[in-house]
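Take a look at the structure set out below.
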Amino acid sequence: MFTRPRNHEPIPWRHAVVSTPLFTAATVYTGGLSIGVAQDMGATLPLGWMGLGSAAGIAIAAASRWFRTAHQPNRKARWYHTGFTATWTTATYAWLNFTAHTTPWSLASAATVAIGAAAAVPAYSYDRYLRNEVIAAQWAEEAAAARADLSEWEQLFHDAGARGVEVLPATDTRAGYALPLKLTQTPFEALLGLLRVIETRKGDLRPGALELRRDLDAPASEATLYVTTRNVLSESVELPADSHPLTINEPLTLGVLESGEPFEIKFRQNSVFIAGKKGSGKSVFLHVIIAAITRCIDAVIWMIDMAEGNTAKRWIRPWAEQWKDKTGRLIDRPILDWVATSIDEAVQLLSASVAVADGRARRMKGGKVHPTRELPALIVITDENPVLMSSVPAAIKAKIDGIKKGRKAAVDYVDAAQRGTGPNSGGGEVMSQYDTVIGGRFPKKQEGQFVFPDYYQRIDLSKLPGNGAFYVLDEERSKTTGPERFKGHYAYDDDEHPDGTEATVIEDLAVERWTIRPDLDNDSQNDAAPYSYADRWDNTERIAWLLDALGMPTPAGVKPATTSSSPRSNGTTGGSLPPIKPASYYLDKGRAHNATKNGGGPSEQDVEAAIAAGLAEFERINEQASVDLTKTAGAQDAAEAVAAKKADRRHPRRDEITSWVKDAGDEGITVADIRDRLLALHPEEQPPSDTAIQNWFTAHPNIDKPSRGLYVWSESEDDASE
């Protein structure tokens, strides 16, 4: 067990010339007051036995002091120590017996103790003077014991190969303790690589218990070693029940770092990529992120949920089923501003986010947008990102443009995928734009090269313990410690409350937060209007996924929404139009209006107006249907023509080059190797450009890029399932 070094005595008052007599006097007086309280409560004190006990106590104290000072070479000093002890113990017992016969609740009693303490100060001062050598030896022994542990750490560094590492006194942390280091020979970077060796040599630490950090503003010779004795990653950290408003301009707490400190992310000017296998806690962590952002008074969430809305529907349910909050207010708007569950809808949403970023950039006078309730940040969250990034060029282009343009316009992205490979993230150009990367548990260490390629040898994602434990790497950590481990908050994501518990389910969080989030500003709504933003919730086909999930009736004539898998998506949403409302709808509407107006039933004028409105709606929908069918047919014909034209222009060597990647196996192949082989086999032909080859590989679902310039064929079960 680590003993914290001290620069002072363990008990502050011990041996002090003035404080020791005062502390003793206060203790004695407290004892007298206890006797007085006992008497006041009717207790009969054995005064005779108290006197005998006092005499015995005085004798024992004096004899003990005589024997304890046997090492004192000065015999007169030994007699003084014994006499001083006998004197103050006699005075103490005399006062206690006096208060037992009278009362401690008097000025005279208190004054007697005060005078005794004052008289003891000079006597104790001389007693301590005679024991200076003994006290000095005692302090030296304590300092040596404290220094012994620091010497052990310095020896561990030395044995591991680090030279010139001085360990300073420790300070406590929430998860263990921290050792400041002074580096005189071995640099910080070299010391990082020795941490696992030091953990092993220490013997009583678990893997990953040591973390080395430094302050960029501090000298290069200074660093801090954090020693974790608390296993934070194995704990279940419940999502806090707080629902008070926050701001997107400040970091949001999402869990606990292994050091015990809160794990925070600032979602402004920060695009986040999350990778983790099923069961790693990735979906729950997305709920935690949504729970944090929905508490912000200046942020709006758009969500792409390619798992049939499995994550989003929980947050939308209270609005769709018309729940009421704790105050009795009807929840009349969804807490997520827009949800896309099909490829076409997702492309529309991503394109709209780029349009919002462009519009805000045009309207800015310079600098960047500072989110407010009137001009909120737009956070675009994507679950099951590979569905789009592996085969939909329009989505990839929109994502690249959005991440690049949205930074200053308060439009940021959070993407989640099961792997960190090119087909899952959209390729190197997308991956390079993420500011923060979070990696969850994987069954194999090799997955770390796709999530944290620069830290592949240090990071083993397969060793993360249990669900909800992650590594995080952001801009600051990339310059200092590298990826850091944390445990995300836990949000209960089953359908209902578990039996016998008070867990908060997702719907409860939505009910608590629905009034906090703002509406998207009018200018941004106009920017998104060309992408069918206005009727995102009114078009029953576009929300058929939600109606099906909640068991709500789908109006007659509406076909279930289908998820297009075509890579030729042009960013539009097709399908049938919403059905014509029956005449009863307009009659009921007229009754409600008339009842509100004058408390009566519908008049003849109301009925006629309702029927007229129904006929007008019928004519409008028919006209719109003709226009939309014409546009849809024309768009489909144009898309097929473009696809056929592209197919005719397919490079004759593309399939051959792709087969070379497959034949290369695990060793992989570079674009330079392919170019040299083409020149050797087909010297008479002009080879395709390097960019063209790279684009072919990026779009191919079975080609990964584990490191810069190297392409490898992948046919794992994970790729097949995704």
Side-chain angles (χ1 to χ4, degrees), residues 239 267 272 274 276 278 281-296 299-323 331-350 352-353 378-389 395 399 412-418 491-496 504-514 516-517 519-520 528 531-533 535-552 554 560-564 573:
L239 180 69
F267 286 91
V272 182
I274 306 169
K278 291 181 178 179
K282 174 167 51 66
S283 296
V284 172
F285 191 59
L286 282 179
H287 283 307
V288 172
I289 291 176
I290 295 173
I293 298 177
T294 51
R295 290 176 59 187
C296 294
V300 170
I301 295 178
W302 288 359
M303 185 168 189
I304 299 173
D305 191 346
M306 301 309 295
E308 301 297 332
N310 199 43
T311 300
K313 66 182 66 170
R314 304 294 304 281
W315 293 92
I316 302 297
R317 180 183 174 190
W319 163 72
E321 294 183 346
Q322 295 187 309
W323 292 14
I331 299 176
D332 59 6
R333 63 172 182 167
I335 196 168
L336 305 181
D337 188 57
W338 189 355
V339 175
T341 62
S342 68
I343 287 181
D344 288 339
E345 185 86 359
V347 171
Q348 282 200 134
L349 188 151
L350 287 173
S353 70
L378 175 59
I379 309 298
V380 182
I381 300 176
T382 302
D383 193 11
E384 300 297 341
N385 195 54
V387 177
L388 295 173
M389 297 296 102
K399 181 63 68 64
D412 292 289
Y413 298 80
V414 178
D415 298 330
Q418 290 188 24
Y492 191 81
D493 64 340
D494 282 352
D495 289 340
E496 303 293 346
T504 300
V505 297
I506 302 303
E507 288 84 353
D508 295 333
L509 298 175
V511 170
E512 292 173 355
R513 293 160 164 76
W514 77 276
I516 297 176
R517 72 98 163 164
D519 291 322
L520 195 63
Y531 303 94
S532 303
Y533 174 79
D535 67 339
R536 63 199 183 282
W537 296 114
D538 297 333
N539 188 320
T540 49
E541 181 181 1
R542 293 172 70 180
I543 63 170
W545 61 273
L546 181 61
L547 302 178
D548 291 342
L550 301 180
M552 301 174 69
T554 301
T562 57
T563 301
S564 171
T573 302

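All heavy atoms count here, side chains included; hydrogens, waters and symmetry mates do not. Predicted model only: the values in this text are computed from it and were never measured.
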Fill in the blank from the handout: Residues Pro318 and Ala510: closest non-hydrogen pair is CG-CB, 4.0 Å
Problem - Value rounded to 0.5 Å, distance of CG in Leu546 from CD in Glu308 - result: 12.0 Å
Problem - Reported CG-to-CZ distance for the pair Leu336 and Arg314, which is rounded to 0.5 angstrom - result: 12.5 Å
Handout entry: Distance in Å, Ile304 CD1 paired with Ser353 OG, rounded so as to fall on 0.5 Å steps
Key = 7.5 Å
Handout entry: Ser532 versus Gln348, closest heavy-atom pair with distance
Key = OG-OE1, 3.7 Å
Practice task
Would you please test Ile381 and Tyr413 for side chain to side chain contact (heavy atoms under 4.5 Å, CB included) and show each step?
Solution key: CA-CA 6 Å; Ile381 300 176; Tyr413 298 80; over 6 Å; no
Practice task
Please list, chain by chain and in numerical order, all residues satisfying salt bridge (charged side-chain N to carboxylate O under 4.0 Å, His left out) with Arg513, sequence neighbours excluded.
Solution key: none
Practice task
Say whether, by atom type as modelled, one donor and one acceptor occur between the side chain of Asp305 and the main chain of Asn310 under 3.5 angstrom.
Solution key: yes
Practice task
Nearest 0.5 Å please: distance from the CZ atom of Arg317 over to the CD1 atom of Ile335.
Solution key: 15.0 Å
Handout entry: Listed partners of Asp412 passing side-chain contact (heavy atoms from CB on, under 4.5 Å), at least two apart
Key = Arg268, Ser271, Ile379
Completion exercise
Note: Ala307 and Glu384 closest approach over all heavy atoms is CB-CG, 3.8 Å
Handout entry: Atom of Pro386, atom of Gln418 and distance for their closest heavy-atom approach
Key = CG-N, 4.4 Å
Problem - Minimal non-hydrogen separation, Arg295 against Ile516, with atom names - result: O-CG2, 3.3 Å
Fill in the blank from the handout: Rounding to 0.5 Å, atoms CD1 (Ile289) and CD1 (Ile301) come to a distance of 9.5 Å
Exercise for the section: Carefully, step by step, assess Met303 and Ile290 under the rule side chain to side chain contact (heavy atoms under 4.5 Å, CB included). Expected result: CA-CA 10 Å; Met303 185 168 189; Ile290 295 173; 3.9 Å; yes
Handout entry: Residues in salt bridge (charged side-chain N to carboxylate O under 4.0 Å, His left out) contact with Asp337, at least two apart in sequence or another chain
Key = Arg517, Arg536
Exercise for the section: Mind telling me whether Trp302 and Trp338 have parallel, tilted or perpendicular rings, with 30° and 60° as the class edges? Expected result: perpendicular
Exercise for the section: Apply the test side chain to side chain contact (heavy atoms under 4.5 Å, CB included) to residues Lys399 and Asn385: give CA-CA distance (whole Å), side-chain angles for both, the deciding distance (0.1 Å), then the verdict. Expected result: CA-CA 11 Å; Lys399 181 63 68 64; Asn385 195 54; 3.3 Å; yes
Fill in the blank from the handout: Between the CD1 atom in Ile506 and the OG1 atom in Thr311, the distance rounded to the nearest 0.5 Å is 9.0 Å
Practice task
Mind checking side-chain hydrogen bond (donor to acceptor under 3.5 Å, both in side chains) for Trp537 and listing every partner two or more places apart, or none if nothing turns up?
Solution key: none
Completion exercise
Minimal heavy-atom distance between Leu547 and Thr540, with the atoms involved, is CD1-O, 4.3 Å
Problem - Residue list, side-chain hydrogen bond (donor to acceptor under 3.5 Å, both in side chains) with Thr382, at least two apart or on another chain - result: Asp415
Problem - Contacts of Asp535 that satisfy salt bridge (charged side-chain N to carboxylate O under 4.0 Å, His left out) - sequence neighbours left out - result: Arg542
Exercise for the section: Dump the intermediate steps for side chain to side chain contact (heavy atoms under 4.5 Å, CB included) on Thr294 and Leu509, then the final yes or no. Expected result: CA-CA 9 Å; Thr294 51; Leu509 298 175; over 6 Å; no
